[in-house]
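Note that this is a predicted model, so its numbers are computed, not measured. Note that these values count all heavy atoms, side chains included, but never hydrogens, waters or copies made by symmetry. By convention in this document, chain letters (A, B, ...) are assigned in the order of the sequence lines, proteins followed by strands, and residues within each chain are numbered from 1.
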2 protein chains.
Amino acid sequence: MARNKRHLDPKIKKEEIELVATTLFKEKGYENTSMAEIARSAGVAANTIYWYFENKDDLLIAVLNRVVSQAMAEVVALREQPLGTRLLKLIAQVESSGSLMADIHSRVSHSPKVQAWHDQFHAMVEQLSVSELVNAGVDVEEAQLDAKLLIYVIEGLLAHPHKLQEREQIIDQALKRIFA
Amino acid sequence: MARNKRHLDPKIKKEEIELVATTLFKEKGYENTSMAEIARSAGVAANTIYWYFENKDDLLIAVLNRVVSQAMAEVVALREQPLGTRLLKLIAQVESSGSLMADIHSRVSHSPKVQAWHDQFHAMVEQLSVSELVNAGVDVEEAQLDAKLLIYVIEGLLAHPHKLQEREQIIDQALKRIFA
DNA sequence: TTTGTTCTAGAATGGCGTTCAAGATAAATT
DNA sequence: AATTTATCTTGAACGCCATTCTAGAACAAA
């Protein structure tokens, strides 16, 4: 017993755990997914996960990096499209990640690492938004503030359920107010 | 043993539990406060709480009602003040409740009751915001959308740390954009 | 005095994230 | 080829948590 599966490439093992965790976190949310379940789905013992990740929050961060980098790639492919269209697409993307974004916020107070990830992510998004706004003709000084407004509106849209049409209306309104 | 404390007015007992829970939830957040700790602080056995409340989420709802009704009273006292001032005061109020607002969002997916409370609370705040905006001269049709924008911005401010000055700037900017 | 309702608490349950100790496997060194 | 070392894997346990079970105490009504 205590059979070892070293013959399976160990680099794939970590990958597999991240992949399974990504799926489960997206489907059922962070809190509703137990380490035991992740392990079962990945075909390893529960404590094996702890060889690759310090704890559950670290696994969450790995999942987040994975999800964000993929989303970024898909959003970059859409440059040339108008800002509103891209925002809606971005929101749809993030929304397909289920409650992941909400999960981040609820873990921020528990884990300094998640906190750090969150802050950095916010800074990045804010920077991107500012340059988008400046590009679109907003005064440089005000772009900083407008970016925050826009981000908070988007977070609100993500955190609360909306019909697609409602979402479009709200985004339109936000842009209209900013570019009035 | 199994000494009973009936001589202490039982209506005060429930009150005491709610009061202690309010303090602890505000101080340390919902997830970081255990039922055992609440019970200890209230001077009862852990399971006694379950006579008064179905579960921890129900206790949270009782605490929320308590906090909100108090906050509402203090905000009403400020009518006559301009909208921006009142918003800042409101945010300061809510912020003094620690991570309570964030805790709601993180419990919404776990408890249908918390979900219902959250939805109702949102509807109420939205209604109030709409009438504020209409009062302040915003077109009735647009007030609906602007209210959502405003609420999401406020939620964003609550969910993320800001210096007082930053907060004022962001609120000013939001109002400026809406009333442009 | 008896009966019933309201309340209390010790003990147990089951689930969770996490740690421990004991190995198995494969690679590196002799 | 033999031995040591580093890398992995695991069953079993730990401590904490929300919650439930069961027995019974306190009081009110009959």
For the side chain of [X], starting at C-beta, report the closest nucleotide among [options].
X       : options              : value
B/Tyr52 : D/dT10, C/dT8, C/dA9 : C/dT8
B/Trp51 : C/dT6, C/dG17, D/dC8 : C/dT6
A/Ser34 : D/dT7, C/dT8, C/dG17 : C/dG17
A/Lys56 : D/dT7, C/dG17, C/dT6 : C/dG17
A/Asn55 : C/dC7, C/dT18, D/dT7 : C/dT18

Mind calculating the distance between [atom1] ([X]) and [atom2] ([N]) to the nearest angstrom?
X        : N      : atom1 : atom2 : value
B/His110 : C/dG15 : NE2   : P     : 17 Å
B/Glu31  : C/dG17 : CD    : P     : 12 Å
B/Arg40  : D/dC16 : CZ    : P     : 11 Å
B/Ile17  : C/dT8  : CD1   : P     : 8 Å
A/Ile49  : C/dC16 : CD1   : C1'   : 13 Å
B/Phe53  : D/dT20 : CZ    : P     : 15 Å
A/Met35  : D/dC14 : CE    : P     : 20 Å
A/Ile12  : D/dC8  : CD1   : C1'   : 16 Å

(message) Just to verify, what does B/Asp103 make a side-chain hydrogen bond (donor to acceptor under 3.5 Å, both in side chains) with, not counting sequence neighbours?
(response) B/Ser99

(message) It should be established whether B/Tyr50 places a side-chain nitrogen or oxygen under 4.0 Å from OP1 or OP2 of nucleotide C/dC7.
(response) no

(message) With a 4.0 Å cutoff (strictly under), does any side-chain N or O of B/Lys13 reach OP1 or OP2 of C/dT8?
(response) yes

(message) Parallel, tilted or perpendicular: which one describes the rings of A/His160 and B/His118, with boundaries at 30° and 60°?
(response) parallel

(request) Any chance you could lay out the side chain to side chain contact (heavy atoms under 4.5 Å, CB included) test for B/Gln127 and B/Val130, step after step, and finish with the verdict? (result) CA-CA 5 Å; B/Gln127 212 168 334; B/Val130 169; 5.9 Å; no

(message) Hydrophobic clusters here meaning ILVMFWY residues chained together by side-chain heavy-atom distances under 4.5 Å, can you tell me if A/Met124 and A/Leu158 are in one?
(response) yes

(request) State yes or no: are the ring centers of B/Tyr30 and B/Phe25 separated by less than 6.0 Å? (result) yes

